[in-house]
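Notes to accompany the following structure.
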Amino acid sequence: VAEIPATAKTSALARPTGRRAEEEHEARVREKWCKPGAIVRERRPLGGKMKLLVFGSTGGTGRELVKQALAQGHEVTAFARNRDKLGDLTHPSLQVVRGDALDPAAVEEAVPGHDAVLCAIGTGAGRSTLREEGTRNIVRAMEKAGVQRLICQSSMGVGDSRANLGFLTKYVIVPVF
């Protein structure tokens, strides 16, 4: 079973108007995204509005994810160890859940009821297992809750965090790209 991402319907090809044009557009999208003979099950956004859970919501990238999601009309849950780090960020569609991504129980409690999870966990310049363990806890909680959409952003290896990369990654993989 092939799944066409919801964004494919608008970003991959220009969106047509009219019934015939719509059918032709659907055929082009299927051709672009699916293997021949595949059974197609399309993912459609839930009325355009989603319930999003953001991990790493107090960092620079996480705060920006929260702001943009709210601006687009989504309901957002910011998962944070310290609510004060969100500063003056308030909105009627914003809920803040206090917790630590390293605590599997706290993560499991936060995930159910969301349509998607966004992960922008970072550790700055210090060496830490937060990204690895936190992401593992998030994925396990998502599997348990049946949440299937995950966007995980990382800038590991960029700027000050380059020193945290292992030998193979720093001297073999990164130079290739």
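Remember, it's a predicted structure, so these values are computed and weren't measured experimentally.
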| task | Could you go through the side chain to side chain contact (heavy atoms under 4.5 Å, CB included) check for L150 and V139 one step at a time? | result | CA-CA 8 Å; L150 171 67; V139 170; 4.0 Å; yes
| query | So which heavy atom on E75 is nearest to which on K49, and how close? | reply | OE2-CD, 4.2 Å
| Taking side chain as C-beta onward, heavy atoms only, is F55 less than 4.5 Å from V107? | yes
| remark: Taking every heavy atom of V97 against every heavy atom of T77, the minimum-distance pair comes out as CG2-CG2, 3.4 Å
| request: Taking all heavy atoms of F79 and all of A101, pick out the closest pair and write down the distance. | output: CE2-N, 3.6 Å
| remark: Here the pair of heavy atoms bringing A78 nearest to V66 is CB-CG2, 4.5 Å
| said: Using a 6.0 Å cut-off, check whether atom CZ of R136 has over 12 heavy atoms from anything other than its own residue. | reply: yes
| message | As an exercise, state the distance from CZ of R98 to CG of N82, rounded to the nearest 0.5 Å. | response | 6.5 Å
| What's the verdict on side chain to side chain contact (heavy atoms under 4.5 Å, CB included) for L52 and V117, showing C-alpha distance, side-chain angles and the deciding distance? | CA-CA 6 Å; L52 306 174; V117 174; over 6 Å; no
| said: Can you tell me which residue among V54, L53, V76 is in a side-chain contact (heavy atoms from CB on, under 4.5 Å) with H114? | reply: L53
| said: Ignoring hydrogens, what is the shortest heavy-atom contact between R149 and M50? Give both atom names and the distance. | reply: NH1-CE, 2.8 Å
| request: State the CG-CZ distance between L86 and R63, to the nearest 0.5 angstrom. | output: 6.0 Å
| For residues E64 and Q68, is any side-chain donor paired with an opposing acceptor at under 3.5 Å? | yes
| message | What's the separation between atom CD in E109 and atom CG in D103, rounded to the nearest 0.5 Å? | response | 9.0 Å
| Should we count CD1 of I151 as having more than 12 external heavy atoms under 6.0 Å? | no
| task | Enter the distance from H74:NE2 to L118:CG here, rounded to the nearest 0.5 Å. | result | 9.0 Å
| note | CD (Q72) and OG (S93) are apart, to the nearest 0.5 Å, by 12.5 Å
| said: Rounded to the nearest 0.5 Å, what separates atom CD1 in I121 from atom CD in E132? | reply: 11.5 Å
| query | Which pair of heavy atoms, one from S57 and one from A80, lies closest together, and at what distance? | reply | OG-CB, 3.9 Å
